[in-house]
Novice: 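Questions regarding the structure given below will be posed in turn.
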Amino acid sequence: MSKMPNPRIEKPLNPRPTAVVVGASSGIGAALARLLGQKGYRLALLSRRKDRLDQLCAEINQAAGERIAYAYPHDVTEFDQVPPLFQRILHDFQTIDLFIYNSGVMFSLGPAEYDFQKDLETYKVNLLGGVAWLNQAAALFHSQSRGQIVGIGSIAGDRGRIGNPPYHAAKAGFSTYLESLRNRLAPDGVHVLTVKPGYVQTDLLPAEHPPLPVATPEKTAEAIYRAIRRRKQVLYTPGWWRLIMLIVIHAPSFIFRRMKF
Ligand SMILES: NC(=O)c1ccc[n+]([C@@H]2O[C@H](COP(=O)([O-])OP(=O)(O)OC[C@H]3O[C@@H](n4cnc5c(N)ncnc54)[C@H](OP(=O)(O)O)[C@@H]3O)[C@@H](O)[C@H]2O)c1
């Protein structure tokens, strides 16, 4: 009996690899989606703002000269929706080769502000949504003994600074989760990359930040793509942040807690 063609994806047997980007509607995620489209990937693009996703898909499809990018509007804090949506994407594309979790929020917090609602949202988007999605990717990649996972963390996860406790803690937790995934999945030949960007010019970057250079989302996406190709484990981008964070990580607490940084 012949199988019915999949109505959603026009070319299910397309030899292009498939990448899923969660948090693709703006900033680093949108730049990554554009770059991966240029590099030959088919794309499942997720986030809440459907209009932004539709616009991005149209742009990528026009540049590719064929339909390679598809929008899946989704709020990562709706954890129950993650397993069925993962299965739907897998069904639509028939394969997933690269899975990127990029969604993130950062609320401004006053120096004496302790707001559990802001904290909860930060942990849900920056940590728990990542765990919900990457657990799905890890189980698939383990079963097929191949695949690449990328988690967008931050230099903010390397140390608990004064500015934004939930953001630092969520990024630290996500980084440790990614390290565990890497160690669990290495025997299967599955690659896990942790990305720690410095300051990147996006909607998320606060107007006031320390006077250090700010990277573009495009340059950041290029560095991430190179790290995916080279199967790096941890990427600081730009690379000089690795040296700065080495100093910050090793700064003794009696000095560190006096710093405004
Ligand atoms: N910019 C920086 O300086 C910097 C530095 C280090 C790390 N990072 C990290 O880089 C990642 C990307 O951020 P960005 O700088 O590119 O900022 P951005 O332009 O604000 O992008 C954030 C992305 O997360 C998505 N997102 C937020 N809440 C979501 C939710 N509930 N459900 C689904 N998606 C959600 C947004 O999509 P919707 O709003 O459409 O849902 C958007 O696509 C974040 O994880 C951030 O923490 C940024």
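These numbers were taken from a predicted model, which means no experiment stands behind them. Each residue takes its place number in the sequence, starting with 1. Scope of the values below: all heavy atoms of this structure, side chains included, with no hydrogens, waters or symmetry mates. As the structure lists them, so they are numbered: ligands from 1, and atoms in each ligand from 1.
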Novice: For ligand 1, which atoms, with element, lie under 4.0 Å from some heavy atom of Gly23?
Specialist: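 Near Gly23, the atoms of ligand 1 are 25 (C), 43 (O).
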Novice: For His74, take its heavy atoms, then give the atoms of ligand 1 lying under 4.0 Å from any of them.
Specialist: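 Answer for ligand 1: 32 (N), 33 (C).
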Novice: What protein heavy atom is closest to atom 48 (C) of ligand 1, reported as residue, atom name and distance in Å?
Specialist: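 Sorting protein heavy atoms by distance from atom 48 (C) of ligand 1 puts Leu204 CD2, 3.8 Å first.
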Novice: Evaluate the criterion side-chain contact (heavy atoms from CB on, under 4.5 Å) for residue pair Asn126 and Tyr167; output intermediate values, then yes/no.
Specialist: CA-CA 8 Å; Asn126 298 14; Tyr167 189 77; 3.3 Å; yes
Novice: Do any nitrogen or oxygen atoms of Ser154 come within less than 3.5 Å of a nitrogen or oxygen of ligand 1?
Specialist: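 Not met; the criterion fails.
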Novice: Which protein non-hydrogen atom lies closest to atom 5 (C) of ligand 1, naming both residue and atom, and how far is it?
Specialist: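 That would be Gly198 O, 2.9 Å.
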Novice: Is it the side chain, the backbone, both or neither of Ile28 that has a heavy atom closer than 4.0 Å to ligand 1?
Specialist: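 Both parts.
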Novice: Just which atoms of ligand 1 are under 4.0 Å from any heavy atom in Asp75?
Specialist: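 What qualifies from ligand 1 is 30 (C), 31 (N), 32 (N).
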Novice: So is Gly153 touching ligand 1 or not, going by heavy atoms under 4.0 Å?
Specialist: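 It does; at least one heavy atom falls under 4.0 Å.
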Novice: For atom CD of Glu78, decide whether the heavy atoms of other residues, nucleotides or ligands shown that lie under 6.0 angstrom number more than 12.
Specialist: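 Yes, the 6.0 Å shell around CD holds more than 12 heavy atoms from other groups.
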Novice: Does CZ belonging to Arg231 count more than 12 external heavy atoms closer than 6.0 Å?
Specialist: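 Yes, enclosed.
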Novice: Is Tyr167 in polar range of ligand 1, meaning some N or O pair under 3.5 Å apart?
Specialist: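 There is such a contact, yes.
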Novice: Linking I/L/V/M/F/W/Y whenever their side-chain heavy atoms sit closer than 4.5 Å, directly or via other members, would Leu235 and Leu246 fall into one cluster?
Specialist: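 As far as the 4.5 Å side-chain criterion goes, Leu246 and Leu235 are not connected within one cluster.
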Novice: Regarding ligand 1, does Lys171 bring an N or O atom to under 3.5 Å of one of the ligand's N or O atoms?
Specialist: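 Yes; at least one N/O pair falls below 3.5 Å.
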Novice: Show your reasoning for whether side-chain contact (heavy atoms from CB on, under 4.5 Å) applies to Val248 and Met259.
Specialist: CA-CA 10 Å; Val248 169; Met259 289 171 75; 5.7 Å; no
Novice: Find all atoms of ligand 1 within a distance of less than 4.0 Å from any non-hydrogen atom belonging to Tyr199, and give their numbers and elements.
Specialist: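 Numbered from 1, ligand 1 contributes 3 (O).
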Novice: Tell me which protein heavy atom sits closest to atom 28 (N) of ligand 1, plus the residue, atom name and distance to 0.1 Å.
Specialist: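 Sorting protein heavy atoms by distance from atom 28 (N) of ligand 1 puts Arg48 NH2, 3.2 Å first.
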Novice: Should Thr202 and Ser26 be marked as a side-chain contact (heavy atoms from CB on, under 4.5 Å) after you check the CA-CA gap, both sets of side-chain angles, and the distance that decides it?
Specialist: CA-CA 8 Å; Thr202 68; Ser26 59; over 6 Å; no
Novice: Indicate yes or no: at least one non-hydrogen side-chain atom of Glu121 is less than 4.5 angstrom from one of Thr77.
Specialist: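 Yes, close enough: below the 4.5 Å cut-off.
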Novice: Which residue, Phe93, Trp133, Tyr41, forms the ring pair (Phe, Tyr, Trp, His ring centres under 6.0 Å) with Phe99?
Specialist: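 The passing option is Trp133.
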Novice: Provide the closest heavy-atom pair for Ile152 versus Lys171 in the form atom of the first, atom of the second, distance.
Specialist: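 Where Ile152 meets Lys171 most closely, the heavy atoms are O-NZ, 3.0 Å.
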Novice: In ligand 1, which numbered atoms sit nearer than 4.0 Å to a non-hydrogen atom of Gly27?
Specialist: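 Contacts of ligand 1 toward Gly27, numbered from 1: 16 (O), 19 (O).
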Novice: Is the closest N or O pair between Val200 and ligand 1 shorter than 3.5 Å?
Specialist: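 By distance alone, the answer is yes.
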Novice: List ligand 1 atoms under 4.0 Å from Ser25, heavy atoms only on the residue side.
Specialist: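 Those atoms are 36 (C), 37 (O), 38 (P), 40 (O), 42 (C), 43 (O).
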Novice: Please work out which of Ala156, Ser103, Gly129 has its closest non-hydrogen atom nearest to atom 34 (N) of ligand 1.
Specialist: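 That would be Ser103.
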Novice: Take a 6.0 Å sphere around CD of Glu208 and say whether it holds more than 12 heavy atoms from other residues, nucleotides or ligands.
Specialist: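 It does not: Glu208 CD has 12 such atoms or fewer within range.
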Novice: For atom 15 (O) of ligand 1, grab the closest protein heavy atom and report residue, atom and distance to one decimal in Å.
Specialist: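 Closest protein heavy atom to atom 15 (O) of ligand 1: Thr202 OG1, 2.6 Å.
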Novice: On a heavy-atom basis, which atom in Val76 and which in Ser103 lie closest, and how many Å separate them?
Specialist: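 In terms of heavy atoms, the two residues are closest at CG1-OG, 3.9 Å.
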Novice: Do Ile89 and Tyr72 come close enough that some side-chain heavy atom pair is under 4.5 Å?
Specialist: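 Yes. Closest side-chain heavy atoms under 4.5 Å.
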Novice: For Gln136 and Leu85, indicate whether the former's side chain and the latter's backbone hold a donor-acceptor pair under 3.5 Å.
Specialist: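 Not confirmed, Gln136 side chain does not pair with Leu85 backbone.
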Novice: Which bit of Val76 is near ligand 1, meaning a heavy atom under 4.0 Å away: side chain, backbone, both or neither?
Specialist: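 Both backbone and side chain.
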Novice: Once you restrict to heavy atoms under 4.0 Å, what part of Ala30 touches ligand 1? Side chain, backbone, both or neither.
Specialist: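 Looking at Ala30 and ligand 1, no heavy atom falls under 4.0 Å.
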Novice: Should the proximity of Asn102 to ligand 1, defined as any heavy atom under 4.0 Å, be assigned to the side chain, the backbone, both, or neither?
Specialist: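 Asn102 to ligand 1: contacts from backbone and side chain alike.
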Novice: Look up atom CZ in Arg226 and atom CG in Leu35, then write down how far apart they are to the nearest 0.5 Å.
Specialist: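 The CG atom of Leu35 is 9.5 Å from CZ of Arg226, to the nearest 0.5 Å.
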Novice: Do ligand 1 and Ser26 have nitrogen or oxygen atoms that lie under 3.5 Å from each other?
Specialist: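 Yes; the residue has a nitrogen or oxygen that sits under 3.5 Å from a nitrogen or oxygen of the ligand.
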Novice: With respect to Leu205, determine whether any N or O atom, backbone or side chain, lies less than 3.5 Å from an N or O atom of ligand 1.
Specialist: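 No, there is no polar N/O contact under 3.5 Å.
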Novice: Which of the atoms of ligand 1 are close to Val105, meaning less than 4.0 Å from one of its heavy atoms?
Specialist: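 Under 4.0 Å from Val105, ligand 1 has these atoms: 27 (C), 28 (N).
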Novice: Taking 4.0 angstrom as the limit and counting only heavy atoms of Ile152, give me the atoms of ligand 1 inside it, by number and element.
Specialist: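 Close to Ile152: 9 (C), 10 (O), 11 (C), 45 (O).
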Novice: Heavy atom to atom 24 (O) of ligand 1, shortest distance: which of Ala221, Ala31, Gly104 holds it?
Specialist: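 The option holding the nearest heavy atom is Gly104.
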Novice: For ligand 1, is there an N or O atom under 3.5 Å from any N or O atom of Glu121?
Specialist: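 No, no N or O pair falls under 3.5 Å.
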Novice: Using a cut-off of 6.0 Å, state whether more than 12 heavy atoms not belonging to Gln55 lie near its atom CD.
Specialist: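 It does not: Gln55 CD has 12 such atoms or fewer within range.
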